Structure formats: C-alpha cells, structure tokens
Q: 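Got a structure here, written out as structure tokens. Questions coming.
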Amino acid sequence: MSINCAAVDRLIDSMSFTQKVGQLNQRLLGWKSVERNAAGRLVASDELKQEIDRWGGLGTLYGLLRADPWSGQHWGNGIRPEERTEAIAVVQQTVLERGAHGIGVLLSEEAPHGHQALGGTVLPTNLGLGATFDPQGVQEAEAAVAAELAASGIHIALVSGLDIARDPRWGRCEECFGEDPLMAARMCEAIVTGMQGEHRSKVGHGGVAVVLKHLAAQGEAVGGRNGQSAVLGPHDLHEIHLPPVAAGVRAGALGFMAAYNDIDSVPCCANPWLLKDYLRDQLGFDGIVMADGLAVDRLEDMAGSIPAAGRAALLAGVDVSLWDEGFTRLEEYADDEQVVAAVDTALRRVLEVKAMFGLLPEDGADTAAIAMPSADAIAQATADGREQAKRMAREAITLINDGQSAATLDDIRSVIADAQAGPVIVAGPFADDFGCFLGDYTAPLPADEQSSVYRQLVARLGEDRVLLAAKPSDAPADQWARASTVVFVCGSTSERSYDSEFDDNGAAKAVTEYGATCGEGVDLSDIRLPWRQDDMLGEVAALTTAPIVSVAVCGRAHVLTDVLERSAVTIWAGYAGQYGPQAVADVLVDGADMSGRLPVTLPAYPAAIPVRYNDRQSAAHVYKDAAEPILRGFGYGAGSLAAVTFSEMHADTQSHPGEVLVQVTAHADDHGAAGAVNLFAHVSGGRRIPRLAMLVDSVYMDLNAGERRDIAFHVPCDHLREVGDGQVQVTCTLDGDSTHTVTATLPGEY
C-alpha cells in the first residue's frame, strides 16, 4: 500500500502531544489485553481499555499471541490457532472504537525461529540454520513464517539475526547464525527478503515488517555476560558486527532493535552515532528503531531518572519503546523543543509503517478499514511452514566425526537395518526428550506433535528392537552386552518449565539443577556438557562393545572432546527445531545425507576460549596445558560434500574490476551431493595484523550423481583490502583444504 504523506501530516497535526507519545509506546503485554468472559469468548480486558484511554489510541501491541512459560500462556489458557481471528478482531475493534483518530494498532510478535504462538511453526534456532550455510533455504523458510504471521493479522516480526557468536559462554549463542559476519549478513538479507519480499513488496500483502535484532555487538559482551559491555575498537565493530546490519538495510528491513549492551560505555539504545549517524545517515535506513525490552529504563543510572532515560533514548534515535516506563514519561517534556521535534519524527515513521498495513483511515473515513485474519489462510501457511521446518532440520544436521573406531556410519547403518542384530539402545539425558531440540523463545507444542530420538527409532525399528536408557543403570548388563548400536543423545537445552523464575524481561532468572542450560539469561562459566554427561558417556562405553553414535543437541559451542574420543560417529544437531528428532532418525535409519557445516568453532578445552576461526592470532601452542585448543573448526562438515572432488582452481583479478574471481570445478561421486562450498582468504601486505582467515564467499550447490560443475566465487576487493593503498596479497583456500589454494596480488589502485 502506498503511503499518503499528506494524510500522515494531517494526522500528526491533529494529535495532542500525549496522543503522539502514545503512538510511540509498546508498553502493554499483549496477552494481558484480552480475557475470557463467562461464556469462554475473548473480550477486551480493562487493562487494554485503560491503555487506549490513556493515550487516545495505541501505538504497538507486543505479543498478543505469544505463549511460553514467561507469559504463562499455554494450551489451557492461551489463544489457540482457531481463535487468532477472534483475538485480533477484539483488539483492533476496541482500539478503533476508543481511540481518538481511528488508527489501528501495530501488532508485533516474537519470531526468532518461527512464530512464538500456540500452533506456530518452530524452525531450527539460528545456530541450526547457520549450519545449513543455505541463505536461499532460510529465505524460503522465513517467507513461510511471515505468511503465517500475516494471515494471523500480525504486522511486525521481531527476528534475531544481527548477533555474532563470539564467546560460547553467552547463553544467546543459539540466536546467532554463527561466528562469521559474512554468513550472518547473508542470512539477515534472506530473513528480510523472505518476510518482506523484494523491495518490501509483501509488506501488507502476505508479508510482515521485520525488526532485526540486536543492534549491535551484543555477542562481544565481556566474558559472554548477557547485555554487558562490548569492548572493541571501531575497526572490529565494522568488520565483525555491522555487516549484518548493512545487509539488513540493503534488503529493506523496516526495523532494528537496539540492544541491551553498551559499546565502549555508550548504551546501544542511547547511542546517536549508532542509531543516527551510522544507521540512518551512512546506510540510509528509513524505518523504525525499537528498544529492547525495558532497555530504556536501564538507562536510569546513566541519565539520572526514568523520564531522563526516555528522553535520552528518544534523542539518540529510538522511535518505539518496549515495556518500559521511560517513554511513557516523555509527556513531562512537552515544553522541550528537542523532544517535541524528535517525537514528531518518530511518530511519522510509526505512522508510515501503519499506512503500509492499512491501519490509517482513508481520506474521508473516520476509522481504518482493517482486514481480519483468515482461518483458511492461517491453516495453509502453517502447513507450508511445517514443511519448511522439516527441510531445514534435515539441512542443519552436521557430521563432525565418522569412523573414530573401527565402525563407520555406513557400518552402523547396516547394523541398524539388520533386524537380526542386537538391540539399539538409546541413551543419554535427552534420549527421550523433545524440548531440547526447540531452543528458547518457543511456544509449547501439542503432545501429538512431540517426539524424540528414542520415539522416532521405535517408530521405524519397533519396540522390541529399541531400548531406552536415559541413565546407564536403566538397562540391564546383558542388554548392554548384546547391544548392536548405542545412540547417545547429549548436549544442552533451552526449554523452560512453567514454574521457572524469570527476570522482568523474560530472561531465565534461576536455573534448577536439571533446568535450562542455554538461552537468554543462561550464561555459563563452564562450557563442558552439563550434568556430567561426559562421565555418563564413559560409563556407557565401559558397559558395551557396541559402536556409539553420539547426537549432540547444542545451542552453543560446547566442549565435545570426550564425546568424539568415545564415539564412533558424532552428529551435531544444533537446536534443529520440532522436526529435529525425525531428521536424526532419517540419518541413522534412512541413510539421509548430512549437508550441514559447523557455524562455530568447537573448542577442545573449556578454558581455552573464546577461539574463533577469524581471530588475528592463533591460540595453538599458547596454553601449555592445551596445545591444540580447537576440536573442530568453523565450516567443518564430514557429510555429503566430503566425497566431492575439486580441480582446476584458479584466480582472476583482471576480468571483473573491483573483485577477485575464483573458479574451481566440482565433481560429485556416484551418489551426488548437496551443501555449501566455502572460500576462505588470508590477506597480507596491509597495515593491520591480518585475520587468520576470512570467509569471503559461499556457494550452495546440489550435484547429481557423477555431475561435474564449474563454481565461481566472486570476492569484492574491498572485502579483502584492509588498507586503501599498497599491494595486497590474497591467498584463497577452499574449505580450509591446503591442496586447493590460489594466491593473487591486488594492485595498489583498482
């Protein structure tokens, strides 16, 4: 829908200062805006009515459909999929009836890896999606999520993507696409294009507006402590943390969320350089900036008071609040010319987004004519989302160890397929667990949609063949002796229970002994597998001579050294989403290929961190007690592409001005292959210490059996050049394989 600028101007002119401030607020928790009457029907709550009356309207409403332990919404009391239309209608009609200008409310929902609502699609978390190295696949998956949101009457999706996993102690690593800025940038572009369409073509037409989070450098927080200081210079800020931001702007993102952390002491939500000079002036961003939940109020110590905190955030460039009181106190600055001007600027941006969704009254109309959700469209979009979730779960599965002992994965598959072989024992704390695959920010799924690795193997091999032993003592010694294969499901979980304790922003506050070990608020000082799982695996190995397949379900780069040493095969599954257990069974029973690659570096020791592939100095042979601190490197994957051979690699610096063209020929074996082929570069000759390596291009390919294909990597020179003059030598390596390396020299000018 086109924006009628004159109509927006008239609306702004007709509003009181209080009404303007109200349009910038997102204070009310959406699930508190409706309640059930005696007949069980949804009606507007008094809290919703009071909020509308206070401001003469409502700007943005957060989380109307959200369901999870923090909100307290579940299948017994939350808004079910078939009730979405009713809930949306109640809220929008109440806002139009009680508001002063006939303006509808923007509805925002959490969608970090699918819609966080009852019945919503659950994709793999970003760390799992990052393992696919498949931006096109992510774009298609996010388009399906956006279709579900739009069909449900939602306008804004709050989507993680900007954060870079720089320290595995940070509990929110699962929300990162990995440790690499180029892949994160491509995934952010995929999110925006998938959800908003090319050039925002789907916004208001089957798509939603994306608010990318979190801006910026949250993954750099000292010690992996959530929301704390990021201490880094401007060069690393631009090179590591801002590429996804620039990519989001290029793709047309309509929103960014300012993060909790500060950058060299300046809080992100009160940083005019970040939110104005860089985001708007340098990148040309024209959408809205939203604060993270209660982040504005956290400025109180800096600003001196809650009202001053609201003023500081507004003047720095925040347009929309989230749950805080600071923006509600902007009324106290009605005589402050700076605040008045900034309120009008922010209001215009909010109203322009509302116009895209038909939330403003048309010329001559008293109220907006808001289209209501369609139950059929919701059902179709949800079904499409489920198919995308299945596909992405399969792509996320990563083989990181094969044939450690005499048995290979193919050998183990043959044994599993042999009905006359001994039992398959599924062991480990997550053997019969579903929630471990889902990640944080996930709504509860109905019981009939829940599964586990154990249940999936039972469904395919039969109850008589598959035994469950969450603890070694759960199976008798004779069964361990007879076992043909052991599948050990280990890792971590972000699943919260409904009796968990939370901070006021929804982060985990207290974690029980066997509670969440990852997610927001669960930063860890020890990144070994929790609950003494290494010891448990040792006990299992002592009980059986059967080959062990370990399945690591992880939301961060846990230390898996003992797991690899004791397992014939190790599969890394990230948090693969609701179809993660099926994807694991597909690999073990159906022989499915694994195209995944590690999106983070796996450390070999718990204290030899952080370690990243693109550090400037190697950590090898630095620690006298941990000479080789890396267990598996970024981009490692021993799956379907392992059998692809490459030849005829060469570099061309002449044909395409401003870039290096690297070409190589790929040849698939008799089975074909799918997955990402990555090109890394090492740059020397500049004025800075070069990074050990940089991912400079990645091509996702799908080769038929026996197919030969030429692959071209296009590497912009400005991505390689660390200084603006002098010759730069670039060594390009294919997936870290020193047998496929070319060197090129860039001239001083190009």
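A quick note: this is a predicted structure, and the numbers were derived from the prediction, not measured. Residue numbers start at 1 and run along the sequence shown.
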Q: Quick one: list whatever passes salt bridge (charged side-chain N to carboxylate O under 4.0 Å, His left out) with Glu83, sequence neighbours left out.
A: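 Glu83: salt bridge (charged side-chain N to carboxylate O under 4.0 Å, His left out) contacts with Arg36.
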
Q: Is there side-chain contact between Gln218 and Asn226, with at least one heavy-atom pair below 4.5 Å?
A: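 Yes. Closest side-chain heavy atoms under 4.5 Å.
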
Q: Please evaluate residues Leu162 and His214 with respect to the criterion side-chain contact (heavy atoms from CB on, under 4.5 Å), reporting the C-alpha separation (whole Å), side-chain torsions for both, the decisive distance (0.1 Å), and the verdict.
A: CA-CA 6 Å; Leu162 302 180; His214 305 87; 5.7 Å; no

Q: Taking atom types as modelled, is there a side-chain donor on Arg84 or Ser152 under 3.5 Å from an acceptor on the other?
A: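 Checked: Arg84/Ser152 side chains pair up, N/O donor to acceptor below 3.5 Å.
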
Q: Tell me the closest heavy-atom pair linking Leu254 and Gln196, and the distance in Å.
A: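 Shortest heavy-atom separation between Leu254 and Gln196 comes out as N-OE1, 3.1 Å.
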
Q: Let's go through Lys390 and Glu387 carefully: what are the C-alpha distance in whole Å and the side-chain angles of both, what is the deciding distance for salt bridge (Lys or Arg N to Asp or Glu O under 4.0 Å) to 0.1 Å, and is it a yes or a no?
A: CA-CA 5 Å; Lys390 290 177 185 177; Glu387 291 304 311; 3.4 Å; yes

Q: Looking at residues at least two apart in the chain, or sitting in another chain, which of them share a ring pair (Phe, Tyr, Trp, His ring centres under 6.0 Å) with Trp323?
A: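 Expected list: Tyr62, Trp70.
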
Q: For the residue pair Gln338 and Leu315, what are the closest heavy atoms and their distance?
A: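 So the minimum-distance heavy-atom pair works out to O-CD2, 3.7 Å.
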
Q: When you look at Glu175 and Ser160, which way does the side chain to side chain donor-acceptor pair (under 3.5 Å) test go after all the steps?
A: CA-CA 6 Å; Glu175 296 182 48; Ser160 301; 2.7 Å; yes

Q: Any side-chain heavy-atom pair from Val192 and Arg200 closer than 4.5 angstrom?
A: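 No, side chains not in contact.
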
Q: Just so I know, are the side chains of Ser108 and Val211 near enough to count as touching, which here means a heavy-atom distance under 4.5 Å?
A: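 When only atoms from C-beta onward are counted, Val211 and Ser108 do not touch, as no gap falls below 4.5 Å.
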
Q: Apply salt bridge (charged side-chain N to carboxylate O under 4.0 Å, His left out) to Arg41 and list each qualifying residue two or more places apart in sequence or on a separate chain.
A: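 Scan of Arg41 (salt bridge (charged side-chain N to carboxylate O under 4.0 Å, His left out), adjacent residues dropped) gives Glu86.
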
Q: If you apply the rule side-chain contact (heavy atoms from CB on, under 4.5 Å), what do you find for His115 with Thr121, and how did you get there?
A: CA-CA 6 Å; His115 184 194; Thr121 295; 5.9 Å; no

Q: With a 4.5 Å heavy-atom cut-off, do Val208 and Glu109 have their side chains touching?
A: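 No, every pair of side-chain atoms sits at 4.5 Å or beyond.
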
Q: Minimum heavy-atom separation for Ala346 to Leu314, with atom names?
A: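 Looking at all heavy atoms of both residues, the shortest contact is CB-CD1, 4.5 Å.
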
Q: May I ask you to decide whether Arg186 forms a salt bridge with Asp697, counting only side-chain N to carboxylate O separations under 4.0 Å?
A: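 Yes, charged N to carboxylate O under 4.0 Å.
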
Q: Report yes if some heavy atom in the side chain of Leu107 is under 4.5 Å from a heavy atom in the side chain of Phe357; otherwise report no.
A: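 SC-SC contact between Leu107 and Phe357 ruled out.
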
Q: Is the shortest heavy-atom distance from the side chain of Leu275 to the side chain of Arg280 under 4.5 Å?
A: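 The answer is no, as the side chains (C-beta and beyond) never meet within the 4.5 Å cut-off.
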
Q: Considering only NZ, NE, NH1 and NH2 on the basic side and carboxylate oxygens on the acidic side, decide whether Arg298 and Asp324 come within less than 4.0 Å.
A: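 Looking at Arg298 and Asp324, the cut-off is not met.
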
Q: Take Leu279 and Leu274, measure what side-chain contact (heavy atoms from CB on, under 4.5 Å) needs, and give me the verdict at the end.
A: CA-CA 6 Å; Leu279 187 61; Leu274 181 66; over 6 Å; no

Q: Under the rule for ring pair (Phe, Tyr, Trp, His ring centres under 6.0 Å), what residues qualify as partners of Tyr441, not counting sequence neighbours?
A: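 Ring pair (Phe, Tyr, Trp, His ring centres under 6.0 Å) list for Tyr441, sorted by chain: empty.
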
Q: For Ser201, enumerate each residue passing the side-chain hydrogen bond (donor to acceptor under 3.5 Å, both in side chains) test, keeping only those at least two apart in sequence or located in another chain.
A: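 side-chain hydrogen bond (donor to acceptor under 3.5 Å, both in side chains) check on Ser201 returns nothing, list empty.
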
Q: Would you please name every residue forming a side-chain hydrogen bond (donor to acceptor under 3.5 Å, both in side chains) with Glu51, sequence neighbours left out?
A: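 If we apply the side-chain hydrogen bond (donor to acceptor under 3.5 Å, both in side chains) test to Glu51, skipping adjacent residues, the hits are Arg27, Trp55.
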
Q: Do Cys268 and Asn261 come close enough that some side-chain heavy atom pair is under 4.5 Å?
A: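 Touching, per the 4.5 Å side-chain cut-off.
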
Q: Taking the side chain as every heavy atom from C-beta outward, state whether Met183 and Pro135 have any pair of such atoms under 4.5 Å apart.
A: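 The answer is yes, as the side chains (C-beta and beyond) meet within the 4.5 Å cut-off.
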
Q: For residues Ala676 and Phe133, report the shortest heavy-atom separation together with the two atoms involved.
A: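 It is CB-CB, 3.3 Å.
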
